[in-house]
Every structure is written in C-alpha cells, then in structure tokens.
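Scroll down for the structure; my scribbles are underneath it.
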Amino acid sequence: MIIVDTANHIAALAAKMAKPHVIAAYPITPQTTIVERLAEYVEKGELNAEYIRVESEHSAMAACIAAAATGARTFTATSSHGLLLMHEMLHWAGLARLPVVMVNVNRAIGPGWNIWSDLNDSLAQRDTGWIQFYASSNQEVFDSVIQAYKIAENEEILLPAMVSYDGFILSHTSMPVEVPEQSKIDEFLPDFKPGWILDVENPITHGNIVPPEPYMEIRYSMQKAMEKAKKVIEEIGEEYGKKFGREYGLVEEYRCEDADYVIVAMAAMAAEAKVAVDELRQKGEKVGLLKLRTFRPFPHERLKHDKMIVIDRDICPGLGGIVYNEIKGNGSEIYGFIAGLGGVDVSYKDIERMYELAKEGKEGWYPTEVK
Amino acid sequence: MEIEAKSHPLDRYLRAERIPHIWCPGCGLGTVLNCFLHALEETNINLKNLAVVSGIGCTGRVAGYINVDSYHTTHGRAIPFATGLKLANPKLKVVVFSGDGDLFAIGGNHFIHAARRNIDMTVICVNNYNYGMTGGQLGPTTPLEARTTTAPYGNIEHPFNLCHVAAASGAVYVARWTSLHVRRLKESMKEALNKKGFSFVEIIAPCPTAFGRRNKEPTGLETLKYYKEHSVIKHGIDPAEADIEMGGDIIVGKFVDIEKPTFDEAVHELIKKARK
C-alpha cells in the first residue's frame, strides 16, 4: 500500500508496525508529531503498548532502558536538546546492551535557539555505543526503523539503534511511502527474544560496581559487537531487499563506477546531492555520490575513492567537519565543506558549486569562507 | 477619527524590535506580561538591577521581549541559571518567568530545591495546563479527564497543585490568580517582587490553540468567562485545598506570606564568618 505522509507520521507508523511493548516519550519540536501519533494509536487500541508520558527526555530513555531490561521491545523519539539531555542514558543503554530503538529528528543546538536541521545533535552521540542510521527519504525512514529493531535485537549485536533524519526537510514533508502488510513485517521481524531478562522468578542484579578488568571486557565486547554489526546491517538490509524490494547497506553508491570525484553526504543533503550528480553528469562531469547511511559503525572500508568531496551539516569546533575528519587520512584526496548549519538551505546548485570549488582545490565553510 | 499612538507608557520595558510577539490570539501571556510590567513600574525597581530568566515554551519567550538583562535558558533550567545569577551578584533582583511544563516537569526538581533553600527570587509561573508550544501535550498540570494530543481520550494522571507544591517545599510567598484578575495579579506580583526569599505567583491562563480547542473552550474569551464564573477568592487557606479540576471552581488568592532566612543571606554570612 502506498501512503503519502510526513516522515514523522511514517516513523510513528513504522514503530507501530514493529509492535513495541513500551513507548516513553516527551514532546520536542520537530519530533512531537511522532509521539502524538503513537499516543493516538495506543488510545484507539490499534497498538497494544504501554505509553508513558514522562517528565523529560532523560526519563524517557531511563524508562525505555528499564523496560528493555525486562525483555520488552521499546521505542522513543526525540530531537536536539532532548537527545542531549538523554546523553547519560544513551551510554547506559549502550553499555547495558539493550536494543532500544529511537528516532531522532535532527535539529540544531542552542543558543541561539533554532529548530531547523543540523546533524550535530546525533553526531555528538557517536561515542555512546548506539548504531546510527541516517535517512534521506520518508521511505528510508520507514524501512530503517523496521530494520533497526532486527539489527539491534540480533543476538550477536544487542546494541541500541537510532534512526535520524532532518527536521522539517523530512519530518514535516509528505512523500509517498510503500508500506508492507503487517503480516510481512511480522515475518521479517519476529518477537524480541532477549538473552536475559529481569525476572522475579530468577533474580539477577543489574548495574553493579565492576572492577577494572571486567569493565574493560564489557567495552571490548561492545566494540566487537559494533564491528560485527557492519556485516549484520548488510545481511539484514539484503534480506529486507529480497522481501520488500528495497535493499539497504552501510552506504549507497550512486553513479560512482567511473567517477573521478565522489561526493560524500548523509541525510537529506544526500538526496539533494543526487540531483547535483545528475546535473553535473549531464554537463559531462564524472562525479558520483556516496550516501553514508550508517555513521556508527563507521564504514571506513567503503570510503576508498581516490577523490572525495565531503559535505558536513555539522561542525566539531576546533577540528572541523565531523564526517570529514572520520575519513581524513585514509590516503584519498579529500575536500571538506561545512554547509547548511542551523537549517541554512543547501540546494543542488550549491552542491554543484562545491564540486566546482573542490576541482579548483578549494574547501571550507560554504559559502562564507572557501579557500 | 483615527487615533495614532506614538508611544505607550510601558514602551521602555519592551524590546520593540522583537514585537509583534509569537503568542496566539486569546492566549493569556500578553495580559500576564502587561501586569508584570505594571508591577515593575509601580514598585520602582531599578531596571539595571533586574534580571529575568525564562525556560522553554511560550512563556519562555518573555525573556526575549522584556528590555532588561534576560536569559532564555534550556528546558527546565531557568531556576538553576537564576540561582547562579543571584549567588554571584546578590544585589540583583532575579525573576524567573516560565511555564508549568518547564518549571514543574523537566525542571521540577530545581523548583522544589530552590524553594527549600529559600533562595531570594520571584518565580512567576503561567499555567495553561499543557505543553502549548509543541502543540498541546499532556503535562504535570493537566487536570484529570482533560484531553490533550497525548491523552486523546482524557487524562488519567493526577496533576500537581502548584501552590501546594510551592508551599510544601518552603516558599515564603505563594499566590494564585487567573489572567482575568489583572489588578489583583499585579498587586501580588508587586508583593512577590518586594518579598525577601522564594516567592511564587501562579497564573492560570487560557491556551485556546493547544488546550482550549480540545476541551470545549475554543476561544480565550470563553475561558475568561469560565474564570469569571468559577474563580473563588480564598486568602490564607491551606493551598492543599486548592486542587484544580475540570469543571470545578478555581480557588485563587494569597495562600502563604511568611518570613524565613534566605539561602543567599546565610551563604554570604557564612563566608564572612569563615574569613574572620
């Protein structure tokens, strides 16, 4: 069935179809319509879940963590400052190896207060042990939420997963989305079978003091799970493709085969860059696009093109573009641009311009300071 | 005949370049801010010594409109920011101006501890029973049975009685009015501003766009009529008896006005002693 709706409503629908047992949520622009829609599903009886209206995002994640520890499938959604307030709990979900799934609608961080798109909120959570997906269309939002559960709950992974997409550019924009039948989703995503649960019949204690050596082991096993996740993400993305006709992986390559330059972008910027690539190809330029779908685990092995132009809608002050710095030093010739912070519009024409500037050997803050 | 007003007696209190404000037609916030500006005018507070701190939400926008040193802080943290201001500069008159969701949900912890310590500040809370800015979700003040976007079939959670929370936590001045009680509200704001210690004024205000429309009061006027018919003034009663219920009376008045040493006096006294 094809549905035309906003990314937020599509995310809510995907979450509903994944049949979570517990949803804990707090409103924040531009995410709010996700949790409002879920509240409606629950109260209408269309979704059999406990819905907890918590008093802050920190509590939302705490509630999801505890629910996941009892073996429940959980969901929450947030944005910007809400995600930052969750930071402590994000680490906890990661280290406790609880497969909580969350949607984050990317929004700039204040001050000055700004509600528009900027990827700094989720990229700042890169060390929390969460698998991170970035979606470029409402269809990808739907597909990624469903896959996120299957990947996160994989017994060799057991890590929380976050699906992010741009505020307003996607969150409040309607697009056609193909929604599979519930029975097909159920076949693809069976019930969550936790490895251990909090159970009064068989009590365990959780969150205790751990001496240095076993602590390091916890970290080591988490790193191994992240590395393993690369393979699992590709396998599950392929399985999804076989079942639903849309295949996914760590990255998506577009017209890269003979490209001299490859543009690297993520989220909505990658969709815009696709248009720029088509335009440039028409002019005879040999250029391609590498859309980064997974930021954690980071697919270094897929970023081996000779010449790459990385566009960051984010900034690590004192270092530069976050994605640019992840890739830098891999032997490729890389040009980095910072663009579109706080929702500044970046059109395919801007991306074509960045390509031209990179060919001249220039990079920097677009358009204010390019050298 | 057309009358053109070139200025308003309260112009000096506002950042004209930030006006028009973002508040919806029928919202109570303009009225409450107007009362506050009149209270400032009548108490003769030196504006150079006044700091206004807001959290997030529609009420949080006050900090941006008022022409004094002001801080629009993160969600729930207006009181800790204000505490820092007051302790670093004890001569400041510090006012927190924020909403019910900001002060009592995400920031609830800060409220009770600032009241417990009796930090010398005035907290003005506009209570519209929901998270208005994000479109009307259930909050800690949503009355039982009221409908919100996250409680479409009615609220089943017991709300806070804010004046009771304030009094129980240790506030030295506690009053509640609706945005219809403009003169009494202004007088309470003046008393709160002049009070030494943690003073709290709650204002029940309409939110027709996000709350009223879902609760059979689609205009601000209808809500004000409700206030007119259902407000009962009971000065000096125990605020525990002033719960708010859908369709019930709204008990208003000054509930607490007592004296207690303040945290800032105690801390500066201690510093003096320790240095001897």
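Only this structure's heavy atoms are used, side chains among them; waters, hydrogens and symmetry mates stay out. Every chain is numbered from 1 and lettered A, B, ... according to where its sequence line falls, protein lines coming before strand lines.
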>> Rounded to the nearest 0.5 Å, what separates atom CD1 in A:Ile338 from atom SG in A:Cys316?
In response: 9.5 Å
> Do you know which of B:Gly108, B:Ala105, B:Gly101 has the most heavy-atom pairs with chain A at a distance under 4.5 angstrom?
Replying inline: B:Ala105
Give, as side chain, backbone, both or neither, the part of [X] having an atom under 4.5 angstrom from any heavy atom of chain A.
X: B:Tyr131; result: side chain
X: B:Pro140; result: neither
X: B:Thr73; result: backbone

> So which part of A:Ile28 gets closer than 4.5 Å to some heavy atom of chain B, the side chain, the backbone, both or neither?
Replying inline: backbone
> What part of A:Thr32 lies closer than 4.5 angstrom to a heavy atom of chain B: side chain, backbone, both or neither?
Replying inline: side chain
> What's the verdict on side chain to side chain contact (heavy atoms under 4.5 Å, CB included) for B:Tyr13 and B:Val68, showing C-alpha distance, side-chain angles and the deciding distance?
Replying inline: CA-CA 7 Å; B:Tyr13 292 98; B:Val68 298; 5.7 Å; no
> Between B:Gly135 and B:Gln137, which heavy-atom pair has the shortest distance, and what is it?
Replying inline: C-NE2, 3.8 Å
>> One thing to verify: whether B:Glu217 and B:Arg147 come together as a salt bridge, which I'm taking to mean a side-chain N less than 4.0 angstrom from a carboxylate O.
In response: no
>> Between A:Arg107 and A:Asp166, does any NZ, NE, NH1 or NH2 come within less than 4.0 Å of an OD or OE carboxylate oxygen?
In response: no
